Amino acid sequence: MIWRFSVGALMLAACGPEEPSEPAPKPEYTKPAADYAVGRGRKEAPAVRFVDVTREAGLEFRHETGARGDKWMPETMGSGCALFDYDGDGWLDVLLVSSDGWGGEKAPGKLYRNLGNGTFDDVTKRAGLGFSVYGMGATIADYDADGDPDIYLTTLGPNLLLRNDAGRFVDVAQEAGVAGAVWRDDAGNENPEWSTGAAWVDVDGDGWLDLLVTNYVRWSASTDIYTTLDGKGKSYATPQQYPGSTPRLYRNLGEGRFEEITEDAGLLLPEGKSMGVAMTDFEDDGRIDLVVTNDTQPNFLLQNLGGGRFAERGLAAGIGYDETGRARAGMGVDITSVANDGVLSIAIGNFSREALSLYSQAGSEVFVDAAGKARLMQATLQPLTFGLRFFDYDLDGYQDLILANGHIEPEINSTQKEIEYRQPPQLFWNTGEGRMVEVSEQTGGPFLKPVVARGLSVGDIDADGDLDVLLTTNGGPAYLLRNEGPTGRVVELDLTGKAPNRDAIGAKVTAQVGEREQVFMVRTGSSYLSHSPMSLTVGLGAAEQIDRLEIRWPDGTVEALEQIAAGARYEIAQGEGIVGERAFVQ
């Protein structure tokens, strides 16, 4: 970006670093690659199509930003979404987050119940969710171990803990102690922290689900900074001009109460300007580690030391900066083993003119950026990526990658001719050899339509075994994209752990299919401000079964099951094996 300083105004880029007047020469690995066989004996990805079914599904929603011409920074950021079964009927429901208007206009988010016939019913008011806040994101889990999923909603304001009482939600954040913190500006005014990503995770191994909440910058209407692109009109400001805000960690004490343990846990990180959080176990020691992305600040890798304590090792691990030593504008994040070889990779969405980051393990504690090797650099240089998610869209047993793209400045094309405000989503097919091939054009209209995308969730909304996509846009509609195959065979797994961690969050699942091994974790977090179901989708390709399934439950006990046939969704309870089975809808 080209930003010039003028008298009385700062010329800045919002949500991204300042750009030199002349872009640096592109590295060799960003140039088009020669034609090559993509692996598995094929030169092309399978013909899978996604179809926009939003209208026929009945999802009549439009996200509100509050924008009225002031160009306040939060207007660019939201918001997220969630796919989860709120009423326990076996069908995934849809939660869409929205925001108040700055003048007090009400624009509540929406909860849609899946009717199981391809349509959804708006149950927002019936479920007790007809309130309006300046919403950002959501994370969902059964924090009180009563058997139904609860919602934690992050906002620019007090956060909400929405306890599920038999399908009706009640905000108990204040009494539970998780509404969030405040900060004081120079005039002494109290302002709420601006919360973004969040994840439920048992950090101390006591079985109760704790809560990590990430926070962005210390912005308020009274501290808003004037910035401009062209020296004439105001533009959206950069996070570099605002102080950062630490993540917050809340320990679940049981009985509906939490205590903040941020400082005692080693997570008082005021330099953070955090957007997303993802969880995994990098050292395979049974303790959950966390990756937190930061916007124009080094990303965090939070190593779990046990007993509810962490060490921040982002710089030492190699995920803090890019190869030039610059902090990128980290947003959405997800983690997987790209080649099913046990090597974990962290994908992070970045700003325009910054390629996607793909940090791959080079040992349990060190990472290198493998985006170039994966052939992701050139295709992701221009888009601004918010939500992203690894998922096996063709069910061949390898995790593919989807990106939700869209700029933050509506007038960006006036100064950067190659960059558009609206940008199409992108889909990359995993070749199985560590490379990703973009297949956006061959998967149907939704991946050719430019939008201003933000949140992204994936899940099986029609119970047919393949994974569908829910996408949100800033100031626009949501999109429900149905996966229409053809695909490989598949098994879905729903795990129930022992109370109080009934969701089995943190369980490690290893599926042996022939000579190939896939490893999963039951988890929350990932993407950007969004929640995907905690069920696991195991693509089998042409195989007819999972030969052996090993589960390491969160308490460390290990169970194994043999010969799990394709074509069904299985419920597995800790210590009981398979307790339920349902064939996929044909």
Side-chain angles (χ1 to χ4, degrees), residues 77-86 92-98 109 111 129 133 135-145 148-164 169 171-173 176-180 193-203 208-216 247-252 258 260 267 274-280 288-293 302 331-335 386-389 454-459 470 472 500-506 521-535:
M77 304 296 289
S79 53
C81 57
L83 288 170
F84 74 118
D85 181 7
Y86 91 95
L92 290 179
D93 308 303
V94 169
L95 177 68
L96 299 169
V97 182
S98 194
L111 177 64
L129 299 179
V133 294
M136 296 302 296
T139 186
I140 294 166
D142 181 9
Y143 82 92
D144 53 2
D148 50 27
D150 311 292
I151 303 170
Y152 188 76
L153 194 70
T154 60
T155 76
L156 177 60
N159 298 322
L160 282 66
L161 176 58
L162 302 170
R163 188 183 65 208
N164 189 339
F169 293 90
D171 180 22
V172 295
V178 293
E193 287 186 321
W194 179 355
S195 298
T196 48
W200 294 102
V201 53
D202 179 10
V203 300
W208 288 100
L209 295 178
D210 311 302
L211 178 64
L212 180 80
V213 182
T214 69
N215 295 299
Y216 193 39
R248 302 282 176 183
L249 180 61
Y250 301 93
R251 173 182 282 145
N252 191 336
F258 293 76
E260 186 183 343
L267 295 181
S274 303
M275 305 282 267
V277 55
M279 54 185 285
T280 193
I288 305 305
D289 308 303
L290 300 162
V291 173
V292 174
T293 62
L302 307 178
M331 284 169 278
V333 58
D334 201 11
I335 303 170
F386 277 86
L388 58 79
R389 189 82 187 191
R454 295 293 185 262
L456 172 70
S457 301
V458 298
L470 179 64
T472 67
N501 188 357
R502 295 171 60 98
D503 289 322
I505 291 172
M521 175 179 283
V522 179
R523 60 204 174 114
T524 62
S526 290
S527 191
Y528 173 74
L529 306 180
S530 298
H531 173 88
S532 293
M534 288 178 277
S535 56

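The figures here come from the full heavy-atom set of this structure, side chains too, leaving out hydrogens, waters and symmetry mates. Computed from a predicted model, the values in this text were never measured in an experiment.
Between Arg502 and the options Asp150, Asp202, Asp144, Asp142, a salt bridge (charged side-chain N to carboxylate O under 4.0 Å, His left out) holds for only Asp142.
Within the model, atoms CE of Met521 and CE of Met279 stand 5.5 Å from one another, a figure rounded to the nearest 0.5 Å. Taken to the nearest 0.5 Å, the CZ atom of Arg454 stands 8.5 Å off from the CE atom of Met331. Note that CE of Met275 is 4.0 Å distant from OH of Tyr528, once rounded to the nearest 0.5 Å. Put simply, CH2 on Trp194 and OG1 on Thr155 are 11.5 Å apart, with the number rounded to the nearest 0.5 Å. Interatomic distance, CG of Asn159 versus CD of Glu193, reported as 9.0 Å (0.5 Å rounding).
Remark: side-chain polar atoms of Asp171 are paired, donor with acceptor, to backbone N or O of Leu161 under 3.5 angstrom. Proximity of a side-chain donor or acceptor of Asn252 to a complementary backbone N or O of Leu209 within less than 3.5 Å is detected. Without hydrogens or angle criteria, Ser274 side chain to Val292 main chain gives no donor-acceptor distance under 3.5 Å. Between the side chain of Ser530 and the main chain of Leu456, a donor-acceptor pair closer than 3.5 Å is present. In terms of modelled atom types and a separation under 3.5 Å, the side chain of Asp210 and the main chain of Val203 share a donor-acceptor contact. Side chain of Thr524 to backbone of Ala199: no donor-acceptor contact under 3.5 angstrom is found. Judged purely by atom type and a 3.5 angstrom limit, Ser195 has no side-chain atom pairing as donor or acceptor with the backbone of Thr154. Formation of a donor-acceptor pair under 3.5 Å by the Asp503 side chain with backbone atoms of Ile505 is not found in this model.
Residues Phe169 and Leu111 are in side-chain contact: their nearest non-hydrogen atoms beyond the backbone lie under 4.5 Å apart. The closest side-chain heavy-atom distance from Leu95 to His531 is not below 4.5 Å. Taking the side chain as every heavy atom from C-beta outward, Thr280 and Arg523 never approach each other to under 4.5 Å. In this structure, the side chains of Leu529 and Thr196 come closer than 4.5 Å at one or more pairs of heavy atoms. For the pair Met136 and Tyr216, the minimum side-chain heavy-atom distance is 4.5 Å or more. For the pair Leu83/Val94, a side-chain contact is recorded, criterion being any heavy-atom separation below 4.5 Å from C-beta on.
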Take Leu96 and Leu470, measure what side-chain contact (heavy atoms from CB on, under 4.5 Å) needs, and give me the verdict at the end. CA-CA 10 Å; Leu96 299 169; Leu470 179 64; 4.2 Å; yes
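Shown here for Thr472 and Gly455, the closest heavy-atom pair between the two residues is OG1-N, 2.7 Å. Taking each heavy atom of Val97 and Ser79 in turn, the nearest pair found is O-OG, 2.5 Å.
In this structure Ser532 satisfies the side chain to side chain contact (heavy atoms under 4.5 Å, CB included) test together with Arg389, Ser457, Val458, sequence neighbours excluded. With sequence neighbours excluded, no residue forms a side chain to side chain donor-acceptor pair (under 3.5 Å) with Ser527. Checked against ring-ring contact (aromatic ring centres under 6.0 Å, His included), Tyr143 has the following partners two or more places apart in sequence or in another chain: Trp200, Phe258.
Side-chain contact annotation: Tyr86 with Asn164, donor-acceptor N/O pair under 3.5 Å absent.
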